[in-house]
Amino acid sequence: VSDARLAALRALLDEHALDAILLSRSANKRYLSGFRLGDAEGPTSGFAGTLLVTRDANLILADPRYTEQAANESPGWELIATSGPITDELPPLLLRHEIAALGMEAAVVTHADWAALAEAAPGVELHAVDDELVPLRLLKAAEEVAAIGRACALTDECFAHLVEFVRVGMTERDVALELERDFRTNGAEGLAFEPIVLAGPRAAMPHGRPSDTVIESGNVLLIDFGCAVDGYRSDMTRTLFVGEVPDAVRRYHDAVREAQQAAIDAIAAGVNGQELDAIARRRIGAEGVEPYGHGLGHGIGLETHEPPRLRRSEAYTLEVGMVFSVEPGIYLPGVTGIRIEDIVSLEASGPRLLTTSPREPLTVGGTVS
Ligand code: ZN
Ligand code: ZN
């Protein structure tokens, strides 16, 4: 992990008149110290490697489950072995380092932990610094883009496999299991998120979960999936045609594909994400259907969903170094759903697609023998 990352964090201390920052978000821990935690190992599981960065010290607080791992993964950090709750362990440490103003991640620290710490360390002002931390990971360095690219390449390979694999008569869950098996076999650290595999009218649920629903001829099959490589995520959606689908479904697929392409064509440094969202919405609206209810896209990196957000409600000006999804869709409840999603890296030469699977409709089929 580069010293520049820690230097950027320390600059925030001066900028916001803080003496230290306590880091609880897994992605920030990994970004700053190399310490790897699973998504389930959040702040609620105790001191699974909480970082405390003061003006002159880098401390990693870890309980016995994690001390060996922290020593291996985070060289250069002073390891503080802990055994009790935050309220017992942290106040003496704050006292010793003369911390009077402490930045914390309000979005991930539980309300109970926050309140307990406030009571146990009455002399310390606690400040939420979630927004202030966002710029640290907003622009990706070349090696980060490369890692996201490796995750995207595995996703493309997995998709090519699924196109051959899917058969009429399989369930959504069969496909979800196969894609996870394929990712792990090919070296992914794990899934980026629980995959979405939805057949027929169920594809109208933007975040539906795979079920025992059987894939039938004439269905669409929406697959939204991604993996993690070296901590970095991928996220891609394709909507397959199972056998012959109605003409209207083909038209909607064309509209989504054109909406996505129009948005991608408009990507440039200085453009606002809201403008891209509006471009995609206009193209879909021209089809006479309601555009998607979600945003057009989201940043991706050590987390699957992170800033920038490309949606109507948030103004993010795009910059070189941002990596984000572009994922318009059409959802007709009870009828069908179509989404196409790719990951774009905005580079000095312009936008570059990191996921490169075919975006024209692919027909899959065949019956389970
Ligand atoms: Zn997705
Ligand atoms: Zn996405």
Side-chain angles (χ1 to χ4, degrees), residues 27 39 137-138 140 144-145 147-149 151-159 162-163 172 175-176 179-180 182-183 188-199 202-210 220-229 231-240 253 256-257 259-261 263-264 267 273-274 276-277 280-281 284 291-314 316 318 322-331 337-346 351-359:
D39 285 339
R137 288 170 33 226
L138 190 59
K140 272 62 180 177
E144 296 183 278
V145 177
I148 299 167
C152 288
L154 276 188
T155 307
D156 285 331
E157 286 171 33
C158 184
F159 178 69
L162 291 178
V163 168
E172 295 168 350
V175 177
L179 74 85
E180 178 165 7
D182 184 82
F183 274 143
E189 230 168 62
L191 296 170
F193 54 94
E194 286 300 314
I196 296 166
V197 180
L198 300 168
R202 286 172 45 78
M205 296 182 287
H207 275 188
R209 300 289 307 278
V220 297
L221 184 67
L222 186 153
I223 308 177
D224 184 351
F225 65 125
C227 67
V229 173
Y232 286 85
R233 313 298 176 98
S234 62
D235 185 4
M236 182 171 89
T237 309
R238 290 291 184 270
T239 307
L240 297 168
H253 193 284
V256 172
R257 188 153 56 105
Q260 191 208 31
Q261 189 59 53
I264 291 171
I267 293 171
Q274 292 167 320
L276 299 181
D277 186 71
R281 275 171 202 286
I284 287 173
Y292 47 96
H294 52 74
L296 178 67
H298 54 85
I300 188 164
L302 287 169
E303 291 174 292
T304 305
H305 297 103
E306 56 181 50
R309 311 279 176 192
L310 283 65
R311 61 182 176 211
R312 280 182 289 191
S313 55
E314 271 175 87
Y316 260 106
L318 300 181
M322 288 181 174
V323 179
F324 50 87
S325 72
V326 180
E327 50 180 305
I330 290 175
Y331 308 98
I338 287 150
R339 177 163 71 252
I340 305 174
E341 172 178 26
D342 286 283
I343 299 300
V344 175
S345 167
L346 180 48
R352 180 166 69 95
L353 283 165
L354 298 184
T355 42
T356 60
S357 294
R359 283 179 283 157

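As the structure lists them, so they are numbered: ligands from 1, and atoms in each ligand from 1. The shown structure was predicted, so the numbers you read here are calculated from the model rather than taken from an experiment.
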Residues in side chain to side chain donor-acceptor pair (under 3.5 Å) contact with Q274, at least two apart in sequence or another chain:
none
Is it true that H294 and Y331 have ring centroids separated by less than 6.0 Å?
yes
How far does CE of M236 sit from CD1 of I223, to the nearest 0.5 angstrom?
8.5 Å
Inside 2.8 Å of the Zn ion (ligand 1) but strictly below it, how many protein N/O/S atoms are present?
4
N/O/S atom of H305 under 2.8 Å from the Zn ion (ligand 2), yes or no?
no
Taking the ring centre of each residue, are Y316 and F324 less than 6.0 Å apart?
no
Work out which heavy atom in P210 is nearest to a heavy atom in R202; give both atom names and the distance.
C-NH2, 4.3 Å
CZ (F159) and CG (D182) are apart, to the nearest 0.5 Å, by 12.5 Å
